[in-house]
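What follows is a single structure, and I will ask about it in a moment.
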Amino acid sequence: KAGVTQTPRYLIKTRGQQVTLSCSPISGHRSVSWYQQTPGQGLQFLFEYFSETQRNKGNFPGRFSGRQFSNSRSEMNVSTLELGDSALYLCASSPLGALGDTQYFGPGTRLTVL
Amino acid sequence: QKEVEQDPGPLSVPEGAIVSLNCTYSNSAFQYFMWYRQYSRKGPELLMYTYSSGNKEDGRFTAQVDKSSKYISLFIRDSQPSDSATYLCATYYNQGGKLIFGQGTELSVKP
């Protein structure tokens, strides 16, 4: 089975711009979770989607949003970029997103905000 | 207090050493515990997965959970340079889809 894929792998944006990142889960997985990884804060949960619905949300401002399509692919969007949004954005997929399901991570998208 | 605490290191050991990586957690309701390994410029990959208390062994790796002290450990025997990576402990929050991670420990195994 192909793993989780994320595109693009690298992005450079300037403050105030917006960005959209894409994630394709493992075939058959219906849950997609997004995380932000920074040296200072580590890996932090952004949100989780299942069957095109956001089920869980972390403590991030409303500038961070996402969606999921009927084929389980997911996108996340960050509007009005700030310097502090520079990070590695990771998505992870699991079969149902149930408590105890194993989450499989993609390689991440490295976002740099100038 | 963070829900999962992990010493970020860095930790440097000679090849062949036994490595001990540790995390503590605050919520006694946590039941599922994972160790992920992350190489530079890669996403985390699942290394070990344990449920509740006890030990789990897989080759050179042993994961240990002590729920009485809210302490989780990963032991690496006969460490190799290829083990050099960041190791992240994680647990599920009280619902699916959301993992809580420790800060990650950067490990370097010197030949």
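Proteins get letters first, then strands, A, B, ... in listed order; numbering begins at 1 in each.
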So, the part of Tyr51(B) with a heavy atom under 4.5 Å from chain A: the answer is neither
What one should report as the nearest heavy-atom pair of Leu99(A) and Tyr32(B) is CG-CE1, 3.7 Å
message = Counting the benzene-type ring for Trp, do Phe101(B) and Tyr35(A) have ring centres under 6.0 Å apart?
response = yes
Counting heavy-atom pairs under 4.5 Å with chain A, the top scorer among Gln38(B), Lys2(B), Gln6(B) is Gln38(B)
Review point. Quick one: does Tyr92(B)'s side chain have a donor or acceptor within less than 3.5 Å of a partner on Asp101(A)'s backbone?
Key: yes
- [ ] Determine, using the 4.5 Å side-chain heavy-atom cutoff (strictly less than), whether Trp34(A) and Leu81(A) are members of one ILVMFWY cluster.
- [x] yes
Rounded to the nearest 0.5 angstrom, the CG-CD distance for Leu99(B) and Gln44(A) is 13.5 Å
- prompt: Does atom NZ of Lys42(B) have more than 12 heavy-atom neighbours from other groups under 6.0 Å away?
  reply: no
* Asked: Do Met34(B) and Phe45(A) sit in the same hydrophobic cluster, where Ile, Leu, Val, Met, Phe, Trp and Tyr count as joined when their side-chain heavy atoms come under 4.5 Å apart?
  -> yes
Report task. Kindly indicate, with the supporting measurements, whether the criterion side chain to side chain contact (heavy atoms under 4.5 Å, CB included) is fulfilled by Thr102(A) and Tyr49(B). Result -> CA-CA 8 Å; Thr102(A) 297; Tyr49(B) 183 108; 3.9 Å; yes
Value for CG (Leu43(A)) from CD1 (Ile100(B)), rounded to nearest 0.5 Å, stands at 12.0 Å
Do other residues, nucleotides or ligands put more than 12 heavy atoms under 6.0 Å from Tyr104(A) OH?
no
_Quick check: is Val4(A) connected to Tyr49(A) through a chain of hydrophobic side chains (ILVMFWY, heavy atoms under 4.5 Å apart)?_
no
Which is it for Lys98(B) and Leu46(A) under the side chain to side chain contact (heavy atoms under 4.5 Å, CB included) test, yes or no, and what are the steps along the way? CA-CA 9 Å; Lys98(B) 175 182 177 180; Leu46(A) 279 155; over 6 Å; no
Closest heavy-atom pair, Arg9(A) versus Arg41(B), reported as atoms and distance to 0.1 Å, is NH2-O, 3.6 Å
Okay, Leu46(B) and chain A: the region with an atom under 4.5 Å from a heavy atom over there is side chain
If one checks every heavy atom of Leu88(B) against chain A at 4.5 Å, the contacting part turns out to be side chain
Would you check if the side chain of Gln103(B) reaches a backbone N or O of Pro39(A) as a donor-acceptor pair within less than 3.5 Å? yes
*Within 6.0 Å of CG in Asn71(A), more than 12 heavy atoms from elsewhere*: yes
Same cluster or not: are Phe30(B) and Trp35(B) linked, directly or through other Ile, Leu, Val, Met, Phe, Trp or Tyr residues, by side-chain heavy atoms under 4.5 angstrom apart? yes
Neighbour count >12 (heavy atoms, 6.0 Å) for atom CD, Glu5(B): yes
Between Phe75(B) and Val109(B), is there a shared hydrophobic cluster once you connect ILVMFWY residues whose side-chain heavy atoms come closer than 4.5 Å? no
